[in-house]
Amino acid sequence: MFKAETFVSSIKNLLSHPQIQHQQWRSLVKVRLKWVKNRSLDHIIDTDTDLKAACLLKDAIKRSPIGFLTAKSFADWQKLLGLTVPVLRFLRRYPTLFEEFPHPRYANLPCFRLTGTALLLDSQEQSIHKAHENDTIERLSRVLMMMRSRTAPLQSLHALKWDLGLPDNFEKVLIPKYLDHFSFVKAPTGVSGLRLARWREEFAVSALQRSNEGGEMGDEYRQFKRGQTTLAFPMNFPRGYGAQKKVRAWMEEFQKLPYISPYEDSRHIDPNSELMEKRAVGVLHEFLSLTIHKKTKRNYLRSLREELNIPHKFTRLFTRYPGIFYLSLKCKTTTVALKEGYRRGKLVNPHPLVRIRQKFCHVMRTGLLYRGKDVNLIPREDILLKDSENSVEAKEEDENVDEDEDEDEEYEEFGTGDEYDEETSDGENEFDKK
């Protein structure tokens with residue numbers, strides 16, 4: 001196991017070295033890059049947007065004291081759910097998950113409750129949450145350990161609960177069971193937050209460090225622990241980038257900079273130095289590694305920017321390092337993905353929650369096929385036993401995306417500055433209060 005004390009000592013010695021102090025100030029090669037559209041990742045983000053909306057609506061129906069939602073109650077939820085169509089039309093697309101029926105008193109008011117299939121899938125999801133509770137606690141602890149004050153606003157965590165794999169109403173069903181790990185706090189502004197109760201040294205090892213601990217990079221990692229070298233980020237450049245001399249020189253200089261763990265105190269690093277930029281890249285890399293889909297919305301990161309100690313205009317880091325991150329503009333929002341988390345259009349080592357969500361996705365696709373027909377015509381075993389990842393239709397679609405990806409890459413000028421203005425919040429934390 002990695003020794004945190006050894007790492008802290010080696011980092012302090014490393015930063016005190018005159019050559020390293022000079023490296024904080026040296027200028028990397030400035031390269032103007034082009035933004036490359038990745039059809040495979042865009043397709044995943046597009047599909048997951050509808051899947052996430054369906055799961056959030058499922059949770060909202062479960063939270064309802066009457067067991068169903070009326071069309072009037074969700075009339076203004078479209079933007080909050082990130083949908084491009086009205087919520088009523090969206091619910092009617094998927095009769096295998098949402099059963100429509102008239103209101104008991106107002107016949108013209110559509111209502112929706114969960115189907116037996118949706119309830120069964122939800123029970124499987126809850127079983128996964130229970131079976132992997134320790135993993136969830138570790139993941140949430142790591143997130144808080146990266147925060148400057150070891151605290152995160154609850155509204156920010158609510159917005160991230162899908163990405164981090166937290167159960168619905170986690171502050172009521174999960175946190176009270178682990179008050180030795182977490183505590184609820186309230187800021188002077190009145191904002192409620194979740195604070196880490198005690199530091200866990202065994203968790204203070206980043207995903208990059210763990211991935212280099214064994215295998216081919218084991219020797220480099222052992223040298224890193226002795227303070228003799230640094231760790232390199234995996235790079236997966238868009239087609240043609242690797243052959244560019246300026247890009248190659250730029251990345252070689254970047255990789256030579258010391259790697260600073262996202263769990264290490266960064267107050268001693270000059271905020272305008274290249275070393276701080278690499279530290280910020282490491283923080284974003286670690287945060288995305290903690291998400292179960294290896295992606296999240298830029299707005300969610302922005303709400304934690306100060307606590308994570310990353311630059312105000314941090315979008316440039318995603319566009320400046322396209323070998324590490326992919327910035328997507330699908331679904332009228334900005335999503336950032338960790339490229340190493342995907343291979344040929346699929347997640348590498350998907351979390352069990354991802355697999356149950358793939359079943360939800362398959363049920364949704366089946367609902368589209370049977371839309372307008374009697375939902376009872378759908379074979380129950382077809383819905384419950386088939387995984388969307390294994391269905392012929394999904395497999396063919398993924399293969400088509402992979403085959404065409406290189407042919408349909410779209411290049412657009414995209415400098416290393418912040419070409420995109422910061423967005424306003426999507427408001428999903430407000431949706432959780434409905």
Side-chain angles (χ1 to χ4, degrees), residues 46-129 158 161-162 167-170 172-173 331 353 356-388 391 393-394 426-434:
D46 194 19
T47 302
D48 283 356
T49 297
D50 281 1
L51 173 61
K52 178 180 178 180
C55 290
L56 290 177
L57 284 166
K58 180 262 296 180
D59 291 338
I61 293 175
K62 280 186 58 183
R63 288 197 302 268
S64 173
I66 56 177
F68 63 87
L69 294 177
T70 65
K72 185 177 180 181
S73 64
F74 54 68
D76 60 345
W77 291 4
Q78 179 179 335
K79 183 178 180 181
L80 303 182
L81 291 167
L83 295 174
T84 56
V85 299
V87 180
L88 179 60
R89 186 190 304 176
F90 179 82
L91 288 168
R92 284 173 171 168
R93 281 182 179 177
Y94 306 113
T96 45
L97 288 179
F98 307 107
E99 179 185 352
E100 182 177 356
F101 64 97
H103 193 277
R105 294 182 58 186
Y106 309 103
N108 293 328
L109 180 61
C111 300
F112 291 86
R113 59 192 168 211
L114 298 178
T115 64
T117 300
L119 291 170
L120 183 54
L121 286 175
D122 178 74
S123 67
Q124 294 179 2
E125 181 182 1
Q126 302 313 312
S127 297
I128 291 175
H129 278 301
H158 269 292
K161 68 179 181 180
W162 164 270
D168 191 41
N169 286 333
F170 66 91
K172 297 179 181 178
V173 301
C331 304
L353 272 178
I356 192 64
R357 288 173 179 178
Q358 288 172 341
K359 286 190 176 184
F360 271 104
C361 189
H362 174 66
V363 170
M364 292 169 66
R365 294 162 67 92
T366 308
L368 280 173
L369 294 175
Y370 287 87
R371 185 173 48 174
K373 301 179 183 179
D374 186 357
V375 71
N376 293 322
L377 292 175
I378 307 173
R380 186 174 180 83
E381 63 275 9
D382 182 64
I383 295 174
L384 298 180
L385 299 180
K386 286 187 179 179
D387 192 294
S388 61
S391 66
E393 184 178 359
D426 290 315
E428 286 191 22
N429 49 316
E430 286 84 359
F431 170 80
D432 288 320
K433 300 174 183 177
K434 300 292 184 180

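What you see is a predicted model; the values in this text were computed from it and never measured. One-based numbering along the sequence shown.
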Could you note down all residue pairs passing salt bridge (Lys or Arg N to Asp or Glu O under 4.0 Å) where residues 106-119 supplies at least one of them, sequence neighbours left out?
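Qualifying pairs: Glu99-Arg113.
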Can you name the nearest heavy-atom pair linking Ala53 to Leu81, along with the distance?
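Where Ala53 meets Leu81 most closely, the heavy atoms are CB-O, 4.0 Å.
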How close do Arg92 and Pro110 get, counting heavy atoms only, and between which atoms?
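Closest approach of Arg92 to Pro110, heavy atoms only: NH2-CG, 3.8 Å.
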If you measure from [atom1] on [X] to [atom2] on [Y], what distance do you get to the nearest 0.5 Å?
X: Leu69; Y: Ile61; atom1: CG; atom2: CD1; answer: 4.5 Å
X: Thr47; Y: Gln358; atom1: OG1; atom2: CD; answer: 11.0 Å
X: Phe360; Y: Gln124; atom1: CZ; atom2: CD; answer: 8.5 Å
X: Trp162; Y: Cys55; atom1: CH2; atom2: SG; answer: 4.0 Å
X: Thr84; Y: Arg89; atom1: OG1; atom2: CZ; answer: 9.0 Å

Using a 4.5 Å cut-off on heavy atoms from C-beta on, say whether the side chain of [Y] contacts that of [X].
X: Leu119; Y: Ser123; result: no
X: His129; Y: Phe170; result: no
X: Tyr94; Y: Asp50; result: yes
X: Lys161; Y: Leu56; result: yes
X: Leu57; Y: Phe112; result: no
X: Leu91; Y: Phe74; result: yes

Can you check side chain to side chain contact (heavy atoms under 4.5 Å, CB included) on Thr96 and Thr117, steps first, answer last?
CA-CA 7 Å; Thr96 45; Thr117 300; 5.6 Å; no
Mind checking what makes side-chain contact (heavy atoms from CB on, under 4.5 Å) contact with Asp59, not counting sequence neighbours?
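Applying side-chain contact (heavy atoms from CB on, under 4.5 Å) to Asp59 gives Arg63, Asp122, Asp168.
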Taking only residues two or more places apart in sequence, or in another chain, which ones meet Ala118 in a side-chain contact (heavy atoms from CB on, under 4.5 Å)?
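For Ala118, the residues satisfying side-chain contact (heavy atoms from CB on, under 4.5 Å) (neighbours in sequence not counted) are Leu97, Leu114, Thr115.
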Distance-only donor-acceptor hits, side chain of residues 102-109, under 3.5 Å, sequence neighbours excluded:
residue	atom	partner	partner atom	Å
His103	ND1	Arg105	N	3.0
His103	ND1	Tyr106	N	3.3

Between Ser64 and Ala60 (side chain of the first, backbone of the second, donor and acceptor by atom type, cut-off under 3.5 Å), is there such a pair?
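Not confirmed, Ser64 side chain does not pair with Ala60 backbone.
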Going by side chain to side chain donor-acceptor pair (under 3.5 Å), name the residues that satisfy it together with Glu125, two or more places apart in sequence or in a different chain.
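Once residues adjacent in sequence are excluded, the partners of Glu125 under the side chain to side chain donor-acceptor pair (under 3.5 Å) criterion are Lys58.
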